[in-house]
Asks: 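I'd like to ask you about the structure that follows.
Because the structure is a prediction, the values reported are computed rather than measured. Within every chain, numbering begins at 1; the chains are lettered A, B, ... in the order of the sequence lines, protein sequences first and strands thereafter.
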Number of protein chains: 2
Amino acid sequence: MNLKDLSRQLGLSPTTVSRALNGYPEVSEATRKRVVEAARAHNYSPNARAKSLATGRSYAIGHVIPLSTRHEMVNPIFGDFIAGAGETYGASGYDMLLSVVEDGAEESAYRSMRARHSVDGVVVHGPRVDDPRITMLHQIGLPFVVHGRSSRLPNDYCWLDVNNTSAFRRATEFLIDLGHRRIALVNGLEEMDFAHRRRQGYEEALRGRGIAIDPALTFSEEMTEYYGFRTADRLLARDDAPSAFLVSSLISALGVRRAIQARGLEMGRDVSIITHDDALSYMDNGNGEVPIFTATRSSVRQAGARLAQMLIDRIEGRAADTQQVLFEAELRVGQSTGPAPTP
Amino acid sequence: MNLKDLSRQLGLSPTTVSRALNGYPEVSEATRKRVVEAARAHNYSPNARAKSLATGRSYAIGHVIPLSTRHEMVNPIFGDFIAGAGETYGASGYDMLLSVVEDGAEESAYRSMRARHSVDGVVVHGPRVDDPRITMLHQIGLPFVVHGRSSRLPNDYCWLDVNNTSAFRRATEFLIDLGHRRIALVNGLEEMDFAHRRRQGYEEALRGRGIAIDPALTFSEEMTEYYGFRTADRLLARDDAPSAFLVSSLISALGVRRAIQARGLEMGRDVSIITHDDALSYMDNGNGEVPIFTATRSSVRQAGARLAQMLIDRIEGRAADTQQVLFEAELRVGQSTGPAPTP
DNA sequence: TGGCCCGTTCAAAGCGCTTTGGAATTGAGT
DNA sequence: ACTCAATTCCAAAGCGCTTTGAACGGGCCA
């Protein structure tokens with residue numbers, strides 16, 4: 001069933017039927033009603049390809065995700081982000097086009113989406129401190145929004161970010177207030193902007209309280225469970241072991257906890273942990289009761305929903321080209337922190 | 001830059017240029033070369049919408065995922081599955097269209113994809129024991145493949161599944177061989193086909209060895225960390241606590257381990273665990289060395305890649321409509337299992 | 001030299017929709 | 001009765017591509 005068939009059945013021209021369905025005013029309410037009902041009865045939806053060819057709009061948003069596990073995207077938070085964005089897309093009638101590419105092929109993927117007119121805009125995931133994709137997208141004129149920011153670039157694009165610096169500054173200060181002096185930072189890859197900013201927050205807090213920064217206590221890697229375990233395990237073996245860990249991911253925090261427990265120590269008494277928590281649906285950190293981990297928390301799913309809305313608003317001309325939204329993470333105190341043990 | 005522009009620049013007709021780029025034989029190698037180079041030089045890719053309108057093919061595959069967390073999709077394994085499928089799509093020139101929908105709206109999402117001609121086929125995720133989507137897709141004639149199976153339906157569709165029954169049978173037998181008699185089953189939702197089959201395997205093994213099935217030891221819920229913790233915590237408080245746990249998800253297994261350790265017990269000595277392991281990229285269960293958990297293991301990413309290939313082969317007419325692939329899970333012995341403690 | 005075939009190119013139609021620029025109908029105003 | 005504007009509808013062009021059917025030369029054979 002296509003437009004022509006439908007219009008023939010109704011004894012109307014395709015023009016009128018199209019207008020009736022798209023809410024144009026040049027058609028009487030009586031005919032509109034007749035048309036809409038017939039469309040539903042025959043289960044008619046316009047051919048999306050034809051429609052988009054005619055309108056020049058594709059009603060689709062592109063997401064390019066690199067394959068490599070070095071990157072933080074094909075990873076636990078991805079599903080939740082997509083769920084949030086997908087919610088928004090569904091409500092606004094957009095499709096989501098996912099493109100999984102080899103590392104380094106991201107730029108050409110964006111170019112291809114542009115050349116083939118397959119999307120109206122794209123979402124940039126996992127920006128680096130100095131991310132070439134952003135300047136490139138500007139150049140080729142493909143509307144985009146960024147999940148996160150790129151510190152070293154001019155701040156003239158559209159982004160949504162968590163205030164990573166303040167979150168980790170507050171978390172560090174919280175630990176210092178509890179008497180901790182040796183605080184390890186188990187960070188993500190610091191070429192990633194979020195990790196870079198988290199380190200800044202950590203360092204600001206230490207400097208602010210006149211505590212020297214010990215490079216032997218800071219780590220930057222891909223955030224697996226094993227990374228958390230291995231790092232904590234080695235540190236705890238030392239004489240000058242840290243009394244607290246600040247961790248960038250709940251997954252890695254699980255590893256840190258495992259290392260602590262493997263040594264017969266107790267989390268929250270012998271060793272404290274604060275982790276960042278993306279509020280993932282399946283990793284609920286305490287399930288509404290007292291959280292297991294004290295955490296800086298911000299829902300990545302909500303971020304996805306909001307960011308998608310920003311992009312659509314921009315595409316449809318309802319919003320400026322440089323909306324910027326900063327979420328503040330909440331510091332939720334759980335069972336994993338306590339006063340620093342006296343030596 | 002479109003076909004017309006490009007052909008004008010070359011002094012050729014659009015026909016010839018199109019044929020040159022699509023590898024048709026009616027064009028001399030000299031012109032083909034000239035055309036291909038010009039296309040690259042001008043960074044030309046055909047407008048995907050126009051192309052698909054003309055060919056009737058869309059070169060896109062649809063994935064519909066329900067929002068609800070009751071379902072197992074917007075969840076840890078989703079990212080890995082997509083990564084695998086995306087790999088295949090990329091290699092074959094297909095796009096992936098993701099549609100996130102309210103629970104229960106899945107069928108209408110498929111219908112809409114069909115009516116709007118926005119995909120050439122779809123992947124069905126998380127089939128129930130008796131899944132209406134499968135019969136519906138048959139009816140509307142949209143090519144599809146299923147990740148998993150639907151036990152109670154005629155077996156005449158295209159699927160790829162892990163042999164869940166045999167995996168859990170073997171795992172159970174392994175525990176029995178170690179002397180365990182009270183084995184708890186911490187399963188996923190048993191309306192889901194995979195969980196249903198896992199229970200079958202578990203029961204077959206017990207029956208085969210003449211061990212009575214204790215309903216008080218089997219559980220069926222959404223597989224969160226907290227579910228594992230809570231379930232194990234309660235069971236271990238009992239006088240007749242199980243000596244082993246068979247768990248359907250690594251995430252929940254983490255919760256079980258936490259409960260064990262919280263009681264000062266040791267995993268692998270006091271209490272054994274076997275879990276299913278989807279070989280997720282960021283949850284590496286032992287990192288190449290001795291696995292932490294003894295596990296039935298099967299890569300969900302590989303499943304995604306293979307299943308995508310099956311669908312494409314089918315769409316392009318290279319394969320039968322009812323290919324069926326059964327992966328056997330590998331039983332990897334790790335540190336979480338040991339002989340049953342003597343009471 | 002005429003006729004035929006092959007290799008190469010092209011003009012034009014068509015995919016299913018939107019949208020421009022009328023055309024037909026109606027009703028009110030004078 | 002006639003004009004004019006508003007209302008309601010339509011024919012046709014166009015979006016950028018593929019594909020059918022035909023044209024055009026040149027080489028080859030008789």
Side-chain angles (χ1 to χ4, degrees), chain A residues 1-36 38-39 42-60 93-95 112-120 316, chain B residues 1-36 38-39 42-60 93-95 112-120 316:
Chain A
M1 172 68 55
N2 59 24
L3 227 211
K4 203 154 66 174
D5 297 344
L6 185 64
S7 61
R8 197 159 25 213
Q9 284 221 7
L10 283 161
L12 291 170
S13 77
T15 310
T16 306
V17 175
S18 167
R19 288 192 161 143
L21 293 174
N22 291 316
Y24 283 77
E26 304 91 330
V27 49
S28 73
E29 274 315 311
T31 19
R32 186 192 307 282
K33 195 169 164 224
R34 207 157 65 90
V35 169
V36 167
H42 293 84
N43 196 22
Y44 167 80
S45 301
N47 181 317
R49 309 281 155 166
K51 178 166 189 163
S52 108
L53 182 57
T55 57
R57 296 280 321 283
S58 70
Y59 286 96
Y94 279 74
D95 287 328
S112 152
M113 285 182 168
R114 168 73 176 163
R116 306 187 315 143
H117 290 262
S118 39
V119 300
D120 293 331
E316 301 189 342
Chain B
M1 172 67 56
N2 59 25
L3 227 212
K4 203 155 65 173
D5 297 344
L6 185 64
S7 61
R8 197 159 25 214
Q9 284 220 8
L10 283 162
L12 290 170
S13 75
T15 310
T16 306
V17 175
S18 166
R19 286 191 161 142
L21 292 174
N22 291 316
Y24 283 77
E26 306 92 327
V27 50
S28 74
E29 275 315 311
T31 21
R32 187 192 306 281
K33 196 170 163 223
R34 208 157 65 89
V35 169
V36 167
H42 293 85
N43 196 23
Y44 167 80
S45 302
N47 181 317
R49 308 281 155 166
K51 179 166 188 163
S52 106
L53 182 57
T55 57
R57 295 280 321 282
S58 71
Y59 286 98
Y94 279 75
D95 287 328
S112 152
M113 285 182 166
R114 168 73 176 161
R116 306 187 314 142
H117 290 263
S118 39
V119 299
D120 293 330
E316 301 189 342

Asks: Does any donor atom in the side chain of B:T31 or B:S28 lie under 3.5 Å from an acceptor atom in the other side chain?
Replies: yes
Asks: If you pin B:A54 and B:V17 to their nearest nucleotides in DNA chain C, which one's is more 5'?
Replies: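 That would be B:V17.
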Asks: In this structure, how many angstroms lie between the P atom of D:dC9 and the CZ atom of A:R19, rounded?
Replies: 11 Å
Asks: Determine yes or no for a side-chain-to-main-chain donor-acceptor pair under 3.5 angstrom, with A:S7 supplying the side chain and A:V17 the backbone.
Replies: no
Asks: What integer distance in Å separates B:L53:CG from D:dT19:P?
Replies: 12 Å
Asks: Within the 3.5 Å criterion, strictly below it, is a donor on B:T16 or B:S13 matched to an acceptor on the partner's side chain?
Replies: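 A pair is found: one side chain offers a donor N or O, the other an acceptor, under 3.5 Å apart.
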Asks: Let me confirm one number: the NE2-CG distance from B:H42 to B:N2, rounded to the nearest 0.5 Å.
Replies: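 Going from NE2 on B:H42 over to CG on B:N2, the span is 12.0 Å.
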Asks: Rounding to a whole Å, what distance do you find between B:E29:CD and C:dT8:P?
Replies: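 So the CD-P distance, B:E29 to C:dT8, works out to 9 Å.
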Asks: Do the side-chain N or O atoms of B:S18 get closer than 4.0 angstrom to the phosphate oxygens (OP1, OP2) of D:dT18?
Replies: yes
Asks: Would you please confirm or rule out a distance under 4.0 Å between OP1 or OP2 of D:dT18 and any side-chain N or O of B:T55?
Replies: no
Asks: Report yes if at least one side-chain N or O of A:S13 is closer than 4.0 Å to OP1 or OP2 of D:dC10; otherwise report no.
Replies: yes
Asks: Over how many whole Å does the gap from A:L12 atom CG to C:dA23 atom C1' extend?
Replies: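 Interatomic distance, CG of A:L12 to C1' of C:dA23: 16 Å.
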Asks: Is it the case that the base of C:dT18 and the side chain of A:T15 share a donor-acceptor contact (distance under 3.5 Å, atom types as modelled)?
Replies: no
Asks: Want to settle it: does A:P25 or B:R49 sit nearer the 5' end of DNA chain D, counting the closest nucleotide to each?
Replies: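 In this pair, the answer is A:P25.
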Asks: With heavy atoms under 4.0 Å as the rule, sort B:S52 into base, sugar-phosphate or nothing.
Replies: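 Answer is nothing: B:S52 stays at 4.0 Å or more from every strand.
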Asks: Check the distance between C:dG16's C1' and A:N47's CG and give it to me in whole angstrom.
Replies: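 In whole Å, C:dG16 C1' and A:N47 CG are 6 Å from each other.
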Asks: Could you give the CD-to-P distance, from B:E26 to C:dC10, as a whole number of Å?
Replies: 13 Å
Asks: Is any side-chain N or O of B:Y44 closer than 4.0 Å to OP1 or OP2 of D:dG16?
Replies: no
Asks: Between B:S28 and C:dT9, is there a contact of a side-chain N or O with OP1 or OP2 at under 4.0 Å?
Replies: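 Checking B:S28 against C:dT9: at least one side-chain N or O falls below 4.0 Å of OP1 or OP2.
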Asks: Is the distance from OP1 or OP2 of D:dC9 to the nearest side-chain N or O of A:Y24 less than 4.0 Å?
Replies: no
Asks: Distance check: side-chain N/O of A:N2 vs OP1/OP2 of C:dC15, anything under 4.0 Å?
Replies: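 The answer is no; no side-chain N or O of A:N2 sits under 4.0 Å from OP1 or OP2.
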Asks: Can you measure B:H117 atom NE2 to D:dC17 atom C1' for me and round it to whole angstrom units?
Replies: 17 Å
Asks: Whole angstroms only, please: what is the NZ-P distance between B:K51 and D:dT19?
Replies: 9 Å
Asks: Using only heavy-atom distances, determine whether the side chains of B:T55 and B:S52 contain a donor-acceptor pair under 3.5 Å.
Replies: no
